[in-house]
Every structure is written in C-alpha cells, then in structure tokens.
Amino acid sequence: QVQLVESGGGLVQAGGSLRLSCTASGSTFTFSNYAMGWFRQAPGKEREFVAYISWNGGAQYYTDSVKGRFTISRDNAKNTVYLQMNSLKLEDTAIYYCGRCLRARYVSFDAADFGFWGQGTQVTVSS
C-alpha cells in the first residue's frame, strides 16, 4: 500500500510564495525507483499537469504556465517531493495533488499514468 500526504498549501497574496510537500509511505515500494508529479485541479476544471521529477531527481519538466516560477525537487532519503511556488498568480488557485508514477523509471506528464493520489492541499492566491 502506498500513501501520499500533501501539505503546505494556504492563502497567499499574488506575488507571494508557498512550498508544498508530499511524503510517501508504504512498505512495498522503493521511492527512488519512481517519478513523481504535481498536478492541480481548479473548480470546474480537469486535473492538469504542473511538474514532473524523475526517480533520481535528474530531470524536471513543467507546464508552460509555471516555468520560471515553480521548482520541483525531491529528497529520496525522506521519501518526499517538494514544489516551491514563487510569484504566485490568481490563476494558480487550485487544489494541488502529488502522484506517484505507476511504472518504475517512467516519463509521463499524463495524470492517467500516476496514482496513489493524496488528499490534496488547497492553494488560494488572492489579489
């Protein structure tokens, strides 16, 4: 069983910063073998890709709207992935979820290739 727990969301003014964390637990998998992704879902919209990090942290990919503002990182010793969000905009408001790639050592930006979603953490950006 794999469990992911997100934290770090909150209310922030436009231009501000937040750091999200996602910690994985479970005795049946090795965290460092799996890519991780951050996705978000705004009210009335589908879940969308935000950022991807490879199993060893060597590669990161971002959706265009967050490039230069968000940074994804991971600490495999702590089974944790982070999303540093700077220069937040109103349109970043959403519930943010982390997901573990379903296949080991796999590259994908499609939510269908990720699973074990946590409960999400709300990010609200105000003007």
Side-chain angles (χ1 to χ4, degrees):
Q1 188 77 8
V2 178
Q3 289 188 318
L4 301 177
V5 178
E6 302 98 336
S7 62
L11 174 64
V12 63
Q13 286 191 323
S17 299
L18 285 173
R19 188 194 196 204
L20 306 184
S21 299
C22 169
T23 300
S25 62
S27 60
T28 59
F29 84 106
T30 301
F31 184 74
S32 58
N33 282 344
Y34 293 89
M36 299 292 293
W38 283 99
F39 294 76
R40 64 188 179 187
Q41 188 165 16
K45 294 187 177 182
E46 293 187 352
R47 190 168 299 187
E48 66 169 356
F49 167 76
V50 176
Y52 163 101
I53 188 165
S54 62
W55 48 95
N56 60 1
Q60 302 89 36
Y61 299 97
Y62 303 90
T63 193
D64 285 346
S65 63
V66 308
K67 285 180 181 177
R69 300 189 298 120
F70 290 11
T71 302
I72 188 171
S73 61
R74 66 189 294 162
D75 184 339
N76 285 343
K78 296 182 179 179
N79 283 8
T80 300
V81 61
Y82 305 97
L83 186 67
Q84 177 66 43
M85 305 187 297
N86 298 328
S87 302
L88 282 161
K89 302 177 179 180
L90 296 179
E91 53 264 40
D92 294 319
T93 295
I95 300 175
Y96 284 70
Y97 299 90
C98 71
R100 196 210 80 179
C101 197
L102 297 176
R103 307 183 209 180
R105 302 176 184 246
Y106 190 68
V107 180
S108 174
F109 314 137
D110 187 340
D113 290 322
F114 289 79
F116 308 106
W117 303 102
Q119 81 291 347
T121 186
Q122 176 70 49
V123 172
T124 303
V125 184
S126 64
S127 58

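Atom set for the values below is all heavy atoms of this structure, side chains included, hydrogens, waters and symmetry mates excluded.
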Show the nearest heavy-atom pair for residues Ser21 and Thr80, with the distance to one decimal.
CB-CG2, 4.4 Å

If two hydrophobic side chains count as joined below 4.5 Å and joins carry through other members, does Leu11 share a cluster with Leu90?
no

Side chain to side chain contact (heavy atoms under 4.5 Å, CB included) between Thr23 and Gln3, worked out:
CA-CA 8 Å; Thr23 300; Gln3 289 188 318; over 6 Å; no

Using the rule given for side chain to side chain contact (heavy atoms under 4.5 Å, CB included), can you reason through Val12 versus Met85, listing the C-alpha separation, both sets of side-chain angles and the distance that settles it, and then say yes or no?
CA-CA 11 Å; Val12 63; Met85 305 187 297; over 6 Å; no

Taking all non-hydrogen atoms of both residues into account, name the closest pair between Asn76 and Ser32 and its distance.
ND2-CB, 3.4 Å

Distance from Met36 atom CE to Ile53 atom CD1, nearest 0.5 Å?
10.0 Å

Can you list every pair that meets salt bridge (charged side-chain N to carboxylate O under 4.0 Å, His left out) and has a residue in residues 103-127, with sequence neighbours left out?
none

From CA spacing to verdict: side chain to side chain contact (heavy atoms under 4.5 Å, CB included), Trp55, Tyr34
CA-CA 5 Å; Trp55 48 95; Tyr34 293 89; 5.5 Å; no

Write out all pairs satisfying salt bridge (charged side-chain N to carboxylate O under 4.0 Å, His left out) with one or both partners inside residues 65-77, taking only residues at least two apart or from two chains.
Asp64-Lys67, Arg69-Asp92

Any disulfide bond (SG atoms under 2.5 Å apart) pairs touching residues 51-81, not counting sequence neighbours?
none

When every non-hydrogen atom of Ala42 is compared with those of Ala94, the smallest separation belongs to N-CB, 3.9 Å

Who else is in Tyr106's hydrophobic cluster (ILVMFWY, side-chain heavy atoms under 4.5 Å, direct or via others)?
none

Would you say the side-chain atoms of Thr124 pair up with the backbone N or O of Thr93, donor to acceptor, closer than 3.5 Å?
no

Inter- and intrachain pairs under salt bridge (charged side-chain N to carboxylate O under 4.0 Å, His left out), touching residues 47-57, at least two apart:
Arg40-Glu48

Mind checking whether Phe49 and Val81 sit in one hydrophobic cluster, side chains of I, L, V, M, F, W, Y counted as touching below 4.5 Å?
no

Leu18 reachable from Tyr62 in the ILVMFWY side-chain graph, under 4.5 Å edges
yes

How close do Thr121 and Gly8 get, counting heavy atoms only, and between which atoms?
OG1-N, 4.0 Å

With sequence neighbours excluded, give me every disulfide bond (SG atoms under 2.5 Å apart) pair touching residues 66-95.
none

Going through the distances and angles, do Trp117 and Phe39 end up as a ring pair (Phe, Tyr, Trp, His ring centres under 6.0 Å)?
CA-CA 10 Å; Trp117 303 102; Phe39 294 76; 5.2 Å; yes

Separation of Trp38 CH2 from Leu20 CG (nearest 0.5 Å)
4.5 Å

Grab the two heavy atoms, one from Phe116 and one from Leu102, that are nearest each other, plus how far apart they are.
CE1-CD2, 3.9 Å

Please list, chain by chain and in numerical order, all residues satisfying side chain to side chain donor-acceptor pair (under 3.5 Å) with Gln60, sequence neighbours excluded.
none

Answer yes if Tyr82 and Ile72 sit in the same cluster of Ile, Leu, Val, Met, Phe, Trp and Tyr residues linked by side chain heavy atoms under 4.5 Å apart, and no otherwise.
no

My understanding is that only residues two or more places apart in sequence, or in another chain, count here; which of them pass disulfide bond (SG atoms under 2.5 Å apart) with Cys22?
Cys98

Inter- and intrachain pairs under side chain to side chain donor-acceptor pair (under 3.5 Å), touching residues 4-20, at least two apart:
Ser17-Asn86

Which disulfide bond (SG atoms under 2.5 Å apart) pairs, counting each pair once, include a residue from residues 33-83, with sequence neighbours left out?
none

Output for pair (Ser126 OG, Leu88 CG), nearest 0.5 Å, gives 10.5 Å

By ring-ring contact (aromatic ring centres under 6.0 Å, His included), which residues pair with Tyr61, not counting sequence neighbours?
Tyr52, Phe109

Contacts of type ring-ring contact (aromatic ring centres under 6.0 Å, His included), residue Tyr97, not counting sequence neighbours
none

I'd like to know if Phe114 and Val50 are part of one continuous hydrophobic network [Ile/Leu/Val/Met/Phe/Trp/Tyr, side-chain heavy atoms within less than 4.5 Å].
no

